[in-house]
Amino acid sequence: MTVPMDYETLRVIWWGLMGFLLIGFAVMDGHDLGVGTLLPFIAKDDEERRLVINCVAPTWEGHQVWLVLGAGAIFAAWPMIYAIAFSGFYIAMFLVLASLILRPVGFKYRSKMDQPRWRSTWDWCLFTAGAVPALIFGVAVGNALTGAPFSLDRDLRMTYEGNGLTELLGLFPLFCGVVSVAMLVMQGATFLANKADGVIEARARRIAMAAAAVTIVLFALGGLFASGIEGYVASGLAPDGPSNPLVKSVTRETGALLANYGRWPLMMLAPAAGFAGALLCVLFLRLGRARLAMVASSLSVSGIVATAGVSNFPFI
């Protein structure tokens with residue numbers, strides 16, 4: 001016997017599915033983005049860089065499927081959000097896609113010639129393919145929390161009212177971008193500490209511990225930052241009816257991003273996981289337990305991404 005579901009239940013299910021897919025992308029492709037960001041710094045010669053590249057080359061393509069599925073989930077459940085994101089954030093999305101294209105090209109062409117300058121150029125392309133998406137994804141999350149400038153007419157046609165990329169580079173979104181880079185460097189470094197050996201493993205362990213400490217500090221500062229900025233509060237919602245943004249009213253309130261933690265205390269598990277995972281990552285690395293450190297790093301990444309989601313619930 002099938003159980004009918006109302007709009008409200010379906011929205012929560014799809015919201016959870018979208019969060020699961022985005023967390024999956026941050027955890028799985030976070031390994032690749034972090035390793036790419038570290039490539040010019042953690043490996044000192046061509047042999048070491050080939051070793052680092054070989055750690056992620058067999059799996060990076062499969063990890064990107066999480067991003068495709070996440071975008072598909074947004075399109076399936078909230079096509080208007082999909083349209084607004086890909087229109088308002090067009091330049092940012094273009095930079096992400098252009099950077100990600102450098103990754104397969106870099107893997108393919110780096111070994112075609114033996115000249116040091118040729119290989120160094122592709123190494124920096126692989127760095128760009130890791131660092132730029134890591135930064136912009138964080139900036140995008142920051143803008144999702146603070147809002148994007150658009151309007152809807154009575155026929156639900158969207159008009160973006162920003163002035164391009166500079167509109168997205170506010171102080172809080174940029175801070176979220178830095179948090180994203182720090183956490184993905186932690187994720188990539190713990191991955192290398194688990195997969196590599198010798199000097200690469202030793203450097204990766206040191207970098208991972210430093211990145212985990214930076215992530216803890218920045219995540220805590222992000223909470224303080226969020227408490228002093230305006231978030232959105234919606235009223236007049238019809239949770240059991242079709243989505244129509246025009247039937248609700250929205251106000252901006254300082255501290256609204258933290259209001260859910262008082263309303264639903266279980267949501268505190270998300271930021272707690274972000275802090276606990278990073279702390280455990282440092283502990284396990286000091287104990288020489290690289291595999292457990294990678295699990296702990298993944299827990300931290302999951303908690304940080306989930307924190308952004310629950311802070312804005314149910315406003316999407």
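Sequential numbering from 1 along the given sequence is applied to the chain's residues. Treat the numbers as computed from the prediction; the structure is a model and nothing was measured.
Asn260 contributes a side-chain N or O that, together with a main-chain N or O of Phe313, makes up a donor-acceptor pair within less than 3.5 Å. With Ser227 contributing its side chain and Leu224 its backbone, the two residues share a donor-acceptor pair below 3.5 Å. Side chain of Ser300 to backbone of Gly274: a donor-acceptor contact under 3.5 angstrom is found.
By the 6.0 Å contact criterion, CD on Glu201 is enclosed, its count of non-hydrogen atoms from other residues, nucleotides or ligands being greater than 12. Counting non-hydrogen atoms of neighbouring residues, nucleotides and ligands closer than 6.0 angstrom, the CZ atom of Phe75 reaches no more than 12 such neighbours. Residue Tyr90 qualifies as open at atom OH: its count of foreign heavy atoms under 6.0 Å is 12 or below.
Between Leu192 and Ile42 the shortest side-chain heavy-atom distance falls below 4.5 Å. Between Leu33 and Leu100, the closest side-chain pair of non-hydrogen atoms falls below 4.5 Å. With a 4.5 Å cut-off on side-chain heavy atoms, Thr254 and Ile229 do not count as touching. Counting only heavy atoms from C-beta outward, the side chains of Lys195 and His31 never approach each other to under 4.5 Å. Side-chain atoms of Trp122 and Ser111, non-hydrogen and from C-beta on, never get closer than 4.5 Å to each other. At a threshold of 4.5 Å between non-hydrogen side-chain atoms, the residues Thr307 and Tyr261 count as touching. Proximity of Cys281 to Thr190: side-chain heavy atoms (C-beta onward) are separated by under 4.5 Å at one or more points. Side-chain contact check for Met183 versus Val305: some heavy-atom pair is nearer than 4.5 Å.
In terms of hydrophobic clustering, with Ile, Leu, Val, Met, Phe, Trp and Tyr side chains grouped at heavy-atom distances under 4.5 Å, Trp124 and Tyr109 are assigned to different clusters. A continuous path of Ile, Leu, Val, Met, Phe, Trp and Tyr side chains, each step under 4.5 Å between heavy atoms, connects Leu171 with Leu218, placing both in one hydrophobic cluster. Transitive grouping of hydrophobic side chains (ILVMFWY, heavy atoms separated by less than 4.5 Å) keeps Leu283 and Met294 in distinct clusters. Under the 4.5 Å side-chain heavy-atom criterion for grouping Ile, Leu, Val, Met, Phe, Trp and Tyr, Val282 is not connected to Val295 through any hydrophobic cluster. The same ILVMFWY cluster, assembled from side-chain heavy atoms under 4.5 Å apart, contains both Val310 and Phe25.
Nearest heavy-atom pair across Asp32 and Arg103 is CB-NH1, 3.2 Å. The heavy-atom pair separating Trp14 from Ala76 by the smallest distance is CH2-CB, 3.9 Å. Nearest heavy-atom pair, Leu126 versus Leu102, reported as atom, atom and distance to 0.1 Å: CD2-O, 4.2 Å. What you find for Val27 and Ser298 is that their closest heavy atoms are CG1-OG, 3.5 Å. Between Ala193 and Ala204, the closest heavy-atom pair is N-CB, 3.7 Å. Heavy atoms only, all atoms of each residue included: Asn54 and Pro58 are closest at O-CD, 3.3 Å.
Among Arg50, Arg49, Lys44, the one residue that satisfies the side chain to side chain donor-acceptor pair (under 3.5 Å) test with Asp46 is Arg50. Screening Leu39, Val132, Thr37, Leu38 against Phe127 for a side-chain contact (heavy atoms from CB on, under 4.5 Å) leaves a single residue, Thr37.
Ring-plane geometry between Trp66 and Phe20 is classed as perpendicular, the angle between the planes exceeding 60 degrees on a 0 to 90 degree scale with a lower cut at 30.
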> Which is it for Val179 and Phe225 under the side chain to side chain contact (heavy atoms under 4.5 Å, CB included) test, yes or no, and what are the steps along the way?
Replying inline: CA-CA 12 Å; Val179 174; Phe225 203 158; over 6 Å; no
>> Between Phe191 and Val56, is the side chain to side chain contact (heavy atoms under 4.5 Å, CB included) condition met? List the steps.
In response: CA-CA 9 Å; Phe191 176 80; Val56 297; 3.6 Å; yes
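Distance check, rounded to the nearest 0.5 Å: CG of Asn194 to SG of Cys55 gives 9.5 Å. Here SG of Cys176 is found 14.0 Å from CD1 of Ile136. Values are rounded to the nearest 0.5 Å. A distance of 12.0 Å separates CG of Leu221 from CD1 of Ile216, quoted to the nearest 0.5 Å. Distance check: Thr215 OG1 to Phe275 CZ gives 10.5 Å after rounding to the nearest 0.5 Å.
A salt bridge is absent between Arg119 and Asp123: the closest approach of a Lys/Arg side-chain nitrogen to an acidic carboxylate oxygen does not fall below 4.0 angstrom.
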